[in-house]
2 protein chains.
Amino acid sequence: MTSTEHGARPAVRPTRQRLAVAAALAGFDDFRSAQEIHDLISRQGDSVGLATVYRTLAALADAGEVDMLRNEDGEAIWRSCSDTHHHHLVCRTCGATVEVEGPAVERWTNAIASEHGFAEISHTLEIFGTCPACR
Amino acid sequence: MTSTEHGARPAVRPTRQRLAVAAALAGFDDFRSAQEIHDLISRQGDSVGLATVYRTLAALADAGEVDMLRNEDGEAIWRSCSDTHHHHLVCRTCGATVEVEGPAVERWTNAIASEHGFAEISHTLEIFGTCPACR
DNA sequence: GATCGGTTTGACAACGGTTCTCAACTACCG
DNA sequence: CGGTAGTTGAGAACCGTTGTCAAACCGATC
């Protein structure tokens with residue numbers, strides 16, 4: 001068991017299912033719900049259980065390889081992302097997404113939070129609007 | 001049914017139930033889930049159906065008299081609010097809330113958006129953390 | 001290959017928040 | 001009062017999500 005170095009690493013296996021989810025994620029660049037991703041996989045001929053899709057997405061989000069956020073209905077939606085912390089500019093008509101970074105915002109949220117004595121800070125910041133193409 | 005014509009106003013009645021919800025909202029200043037508000041009303045002796053609480057909260061949010069946002073689980077949480085645009089610093093354990101304003105953030109989001117040609121901008125920004133009391 | 005132990009999977013049940021349904025009720029107007 | 005349209009509540013329905021657990025699978029080892 002010590003074969004894989006100074007582990008405690010759960011040894012994630014590249015199973016057919018996980019590859020299918022990864023492939024599906026690579027196939028679009030806007031945010032999709034878990035069920036949409038599940039449908040997409042089925043439509044590509046693969047068959048992966050819904051629970052597995054959820055588990056895999058959660059694991060990927062944990063690992064920082066996908067972004068998860070919630071739409072206005074509170075549903076979780078996902079997309080693959082670059083590995084730096086960033087926010088999104090989302091078109092409320094067509095769903096087109098732009099990743100944006102804002103060091104200033106990060107600094108501001110941390111400052112505000114510690115000013116009020118809050119710890120273990122996280123934050124959500126999404127910008128919605130109408131993109132040039134949809135106007 | 002065309003009696004109230006040019007108003008299209010649904011004629012909101014100040015029923016016992018709606019007053020109870022309003023009273024409950026006045027009784028706390030952090031974010032609470034609909035069910036917590038429902039419990040709170042019951043505990044005050046009033047009896048209002050859960051569905052009615054949901055309906056009333058939705059109506060109040062529509063009218064801009066309460067803020068509704070979603071916690072990290074996607075659950076809707078509510079509180080009465082001041083009428084200026086602001087954001088929230090929310091304790092993820094006890095729900096304590098601080099309203100914060102950030103002119104810098106407003107400016108930043110508008111700049112980013114127009115830089116990408118987006119119009120009709122709106123944004124959401126919430127900060128979650130653990131408040132001093134809950135640590 | 002055959003074997004073995006832990007990982008992963010999938011069908012399905014369970015769950016929890018939210019919305020829907022619809023008959024009973026109530027506020028308001030005349 | 002009586003009529004009428006808005007409102008309510010109990011419970012079912014809904015739907016996204018998570019838990020369950022036996023079977024399948026992977027990879028390392030005999």
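Below, read A as the first sequence line, B as the second, and so on, with proteins coming before strands; counting in each chain starts at 1.
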Linking Ile, Leu, Val, Met, Phe, Trp and Tyr through side-chain heavy atoms less than 4.5 Å apart, which residues share a cluster with L69(A)?
->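 Under the 4.5 Å side-chain rule, L69(A) groups with F31(A), I77(A).
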Over how many whole Å does the gap from [X] atom [atom1] to [N] atom [atom2] extend?
X	N	atom1	atom2	answer
L50(B)	dG9(D)	CG	P	10 Å
L19(A)	dC26(D)	CG	C1'	13 Å
H38(B)	dT19(C)	NE2	P	15 Å
R16(B)	dT8(D)	CZ	P	9 Å
E72(A)	dG16(D)	CD	P	17 Å
N71(A)	dT18(C)	CG	P	13 Å
E75(A)	dC14(D)	CD	P	17 Å
M68(B)	dT19(C)	CE	P	8 Å

Nearest-0.5 Å distance, OH of residue Y54(B) to CH2 of residue W78(B) =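 One finds 8.0 Å between OH of Y54(B) and CH2 of W78(B).
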State, to the nearest 10°, the angle formed by the axis through the first five base pairs of the helix from dG1(C)-dC30(D) to dG30(C)-dC1(D) and the axis through its last five.
->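 Answer for the end axes of this duplex: 20°.
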Which of these nucleotides, [options], is closest to any side-chain atom of [X]?
X	options	answer
V48(B)	dT17(D), dG27(D), dG9(D)	dG9(D)
R18(A)	dG9(D), dG10(C), dT9(C)	dT9(C)
T52(A)	dG10(C), dC28(C), dT17(D)	dG10(C)
T15(A)	dG16(D), dT9(C), dG10(C)	dT9(C)
Y54(B)	dT8(D), dT18(C), dT17(D)	dT18(C)

Does anything in residues 98-135 of chain A pair up under ring-ring contact (aromatic ring centres under 6.0 Å, His included), and if so which pairs, sequence neighbours excluded?
->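 Pairs touching residues 98-135 of chain A that pass the test: H85(A)-H123(A), H87(A)-H123(A).
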Strand-adjacent residues in residues 21-37 of chain A, judged by heavy atoms under 4.0 Å from DNA chain D =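 Those residues whose heavy atoms fall under 4.0 Å from DNA chain D, taken from residues 21-37 of chain A in numerical order, are Q35(A).
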Does the side chain of [Y] come within less than 4.5 Å of [X]'s, by heavy atoms?
X	Y	result
T56(A)	V48(A)	no
V90(B)	I127(B)	no
T109(B)	L125(B)	no

Closest-nucleotide 5' rank along DNA chain C - winner of G49(A) and P14(B) =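 Mapping each residue to its closest nucleotide by heavy atoms, the 5'-most match is G49(A).
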How would nucleotides 19-25 of chain D be written as a contact map, 5' to 3', with B for base contact, S for sugar-phosphate-only contact and - for no contact, using protein heavy atoms under 4.0 Å?
-> BB-----
Single hit among D46(B), L50(B), T52(B) for side chain to side chain contact (heavy atoms under 4.5 Å, CB included) with I41(B) |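 The passing option is D46(B).
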Sole candidate of D67(A), T124(A), T97(A) that passes side-chain hydrogen bond (donor to acceptor under 3.5 Å, both in side chains) when paired with H88(A) |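 Passing option: D67(A).
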Please lay out, stage by stage, how I112(A) and L89(B) fare under the test side chain to side chain contact (heavy atoms under 4.5 Å, CB included).
-> CA-CA 8 Å; I112(A) 288 283; L89(B) 173 55; 4.2 Å; yes
Can you list every salt bridge (Lys or Arg N to Asp or Glu O under 4.0 Å) pair that touches residues 92-109 of chain B, not counting sequence neighbours?
->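 Passing the test, one end in residues 92-109 of chain B: E72(B)-R92(B), R79(B)-E99(B).
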dT8(C) OP1/OP2 closer than 4.0 Å to side-chain N/O of Q17(A) |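 For dT8(C), OP1/OP2 do not have a side-chain N/O of Q17(A) under 4.0 Å.
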Would a hydrophobic clustering, with Ile, Leu, Val, Met, Phe, Trp and Tyr connected at side-chain separations under 4.5 Å, put I37(B) with M68(B)?
->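 Yes; tracing contacts between hydrophobic side chains, which count when under 4.5 Å, links both residues.
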Give the intermediate values and the outcome of side chain to side chain contact (heavy atoms under 4.5 Å, CB included) for residues C131(B) and C94(B).
-> CA-CA 8 Å; C131(B) 77; C94(B) 72; 3.8 Å; yes
